[in-house]
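Here is how names work: the chains are called A, B, and so on, in the same order as the sequence lines, proteins then strands, and each is numbered from 1.
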There are 2 protein chains.
Amino acid sequence: MDSTPRVKMEDVARTAGVSVATVSKVVNGRYGVAQATLTRVQEVIDELGYEASLGARSLRSHRTNVLGILVAEFEPFSTELLKGASSAVGSTGYELLAYSGGGRGADVGWERRYLSRLSGTLIDGAIIVTPTVVEANTGVPVVAVDPHTGPTGLPTVDSDNFAGAVLATEHLIGLGHRRIGFLGGRLDLESARLREDGFRKAMDTAGLPVDEALVAVGGYRPETADGPARVLLGRADRPTAVFAANDLSAIQVMAVAVELGMTVPDDLSVIGFDNVPESALASPPLTTINQPLQEMGAEALRLLVDLIDGKERSTHLRLPTELVLRASCAPPRH
Amino acid sequence: MDSTPRVKMEDVARTAGVSVATVSKVVNGRYGVAQATLTRVQEVIDELGYEASLGARSLRSHRTNVLGILVAEFEPFSTELLKGASSAVGSTGYELLAYSGGGRGADVGWERRYLSRLSGTLIDGAIIVTPTVVEANTGVPVVAVDPHTGPTGLPTVDSDNFAGAVLATEHLIGLGHRRIGFLGGRLDLESARLREDGFRKAMDTAGLPVDEALVAVGGYRPETADGPARVLLGRADRPTAVFAANDLSAIQVMAVAVELGMTVPDDLSVIGFDNVPESALASPPLTTINQPLQEMGAEALRLLVDLIDGKERSTHLRLPTELVLRASCAPPRH
DNA sequence: ATGAAAGCGCTAACAA
DNA sequence: TTGTTAGCGCTTTCAT
């Protein structure tokens with residue numbers, strides 16, 4: 001069933017009547033091969049459809065021209081970054097390898113494990129998305145996107161989470177809301193902390209007290225946001241508006257609201273964060289805070305390439321956030 | 001600058017005072033290791049943060065528990081598939097490795113090259129997205145999504161492109177359009193051919209002639225669709241509606257229309273195909289044909305896993321398409 | 001200009 | 001139970 005086993009360098013060598021060493025030289029464009037030999041070997045390569053095994057090659061050469069993007073899971077956030085990185089890689093000559101575990105929020109420390117698994121052999125450098133265990137000591141250059149610690153240690157790309165959260169909260173307040181709930185993100189991520197800080201700052205500035213009973217942790221994922229959302233909206237003195245720390249949990253909040261018989265935005269205003277494409281698809285379309293995710297992916301990739309090339313650069317890039325008005329927020333009905 | 005070089009099995013062995021073979025046994029859970037040894041080695045592994053190199057391991061063992069998804073580029077279509085595959089991989093125990101070249105539509109034969117590069121070593125099986133050169137003879141099991149040849153050779157997952165195209169065309173006709181343009185996809189893809197067939201079929205059924213001057217090739221990408229779109233809309237007898245063979249080119253058609261001073265849908269109706277999230281973000285939101293991309297990704301992954309496990313299964317999965325009404329189509333103004 | 005041989009980090013027989 | 005010995009497919013000195 002398995003049919004033809006891969007054609008390997010040895011096959012090419014035998015067919016062309018040369019040694020594997022010579023084939024290797026041809027494949028890698030090394031000097032010291034006669035024109036005639038080169039031509040013949042190249043013909044055999046084309047004919048047999050030979051391509052060097054990335055695994056074997058990288059084991060020996062420690063330079064692969066492949067860049068890694070390590071994510072816990074392929075979901076809207078990471079795939080937007082991927083699109084950005086993909087468009088930026090075009091001009092660099094590198095190829096891209098995105099690696100993810102089984103999903104299910106991947107266990108703690110996944111970033112370190114994936115990195116050791118791939119670095120030193122397969123990849124020349126890595127972008128790690130939302131890592132929590134950040135170690136500076138890795139064999140290869142690493143750039144973090146939206147990490148645990150904020151701008152320390154690793155070179156980092158993120159967006160202005162604090163300002164964005166202020167924007168979101170101010171929007172709700174401007175609409176007339178006073179009882180505003182906050183559904184936070186993953187406690188281990190800097191972005192989640194900054195978004196909560198921004199929320200509290202804006203409330204404070206407006207002279208509004210924060211009811212701690214209306215502050216919950218949603219964990220950035222629909223499944224983990226569901227329970228807290230139910231508790232929040234099930235209260236007798238439930239909020240008239242909820243700021244969810246990312247779009248996925250905001251969408252979940254809307255789903256729970258509908259399930260409890262409410263209408264968004266009439267009975268409840270909801271605002272998210274990220275502006276992943278899915279936010280526009282929700283019904284109603286979700287008002288949210290835009291993070292330039294594709295740009296962030298592209299910048300992370302450029303930063304990584306510069307790091308590999310040994311170019312010194314500012315080690316922290318913070319991109320701006322902005323309010324995106326759609327249909328999930330309205331003045332409170334009272 | 002590179003700091004600590006990766007910790008390898010030899011380091012663990014030396015620290016624990018055993019041979020690398022023993023460490024290997026511990027890492028891979030093989031029998032024949034004393035409890036005390038196992039504990040000690042495990043401690044050292046944890047302490048040093050050791051993780052086996054995927055490259056080295058796979059070179060030797062030819063079983064990696066990693067599944068590959070090979071794409072030409074990370075764009076909305078492939079990333080939707082990725083999301084689906086990612087959610088399906090959770091329960092299987094496999095990890096996911098998505099590989100892409102530099103973008104720029106990757107040269108012809110990329111699928112074969114990527115496959116030889118990774119198969120035989122790094123991955124136990126692969127999903128190839130929109131391949132054009134389909135070869136049955138690869139070292140590992142392969143599933144194709146939306147391939148060149150249609151349901152021959154390779155196990156395949158696709159959607160009902162023909163029926164979807166009929167749906168799209170009928171929608172336009174039902175709105176009262178008679179001069180309908182068609183902006184086709186990549187000629188080397190079966191899906192593009194079927195979508196054109198569906199278009200012609202629906203026109204024929206409605207007794208409408210197809211003006212060949214209004215049929216162009218857009219190539220599925222914004223850049224390649226731009227020129228043909230300009231030609232189509234620049235004509236004196238331009239169409240009142242355009243069916244673009246995928247969302248990305250439909251969005252480009254709308255952009256060109258606006259640039260030429262038209263309003264969508266007042267002056268021109270546009271319908272797309274795919275229903276990638278981006279279609280909902282366009283202005284106006286794009287009416288389109290839904291392909292269940294995430295499901296397709298999930299099904300492709302399940303099919304691949306069954307193939308690896310040697311389970312026989314239907315080798316071709318065709319999922320249904322459906323019309324998604326948004327705001328880019330209206331009756332012709334006349 | 002070419003090939004022989006060593007070895008990258010790991011696993012799998014086989015011996016001890 | 002453990003260690004020794006071969007490689008996996010490739011690149012890279014170093015002879016020839």
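Chain B approaches DNA chain C within less than 4.0 angstrom (heavy atoms of the protein), and the contacting nucleotides run 5' to 3' from dG9(C) to dA12(C).
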Whether each nucleotide of nucleotides 6-13 of chain D has a protein heavy atom under 4.0 Å at its base (B), only at its sugar-phosphate (S) or at neither (-) is summarised, 5' to 3', as BBBBBBB-

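A side-chain donor-acceptor contact under 3.5 Å links R6(A) to the backbone of E51(A). Listed for the S24(A) side chain is no donor-acceptor partner under 3.5 Å among the backbone atoms of V20(A). The backbone N or O of L189(B) sits nowhere less than 3.5 Å from a side-chain atom of T130(B) that would complete a donor-acceptor pair. Of the possible polar contacts, one joining the T156(A) side chain to the L154(A) backbone as a donor-acceptor pair under 3.5 Å is found.
Note on T37(A): only backbone sugar-phosphate atoms sit closer than 4.0 angstrom, heavy atoms only; bases stay farther off.
Using a 4.0 Å cut-off between a side-chain N of Lys or Arg and a carboxylate O of Asp or Glu, R117(A) and E95(B) qualify as a salt bridge. A salt bridge is defined here as a Lys NZ or Arg NE, NH1 or NH2 lying under 4.0 Å from an Asp or Glu carboxylate O, and E10(B) with K8(B) fails to meet this definition. Ion pairing of R14(A) with D11(A) is present here, as a side-chain N (NZ or NE/NH1/NH2) and a carboxylate O approach within less than 4.0 Å.
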Under the side-chain contact (heavy atoms from CB on, under 4.5 Å) rule, what do L82(B) and I69(B) come out as? Steps first, then yes or no, please. CA-CA 8 Å; L82(B) 214 47; I69(B) 302 194; 3.6 Å; yes

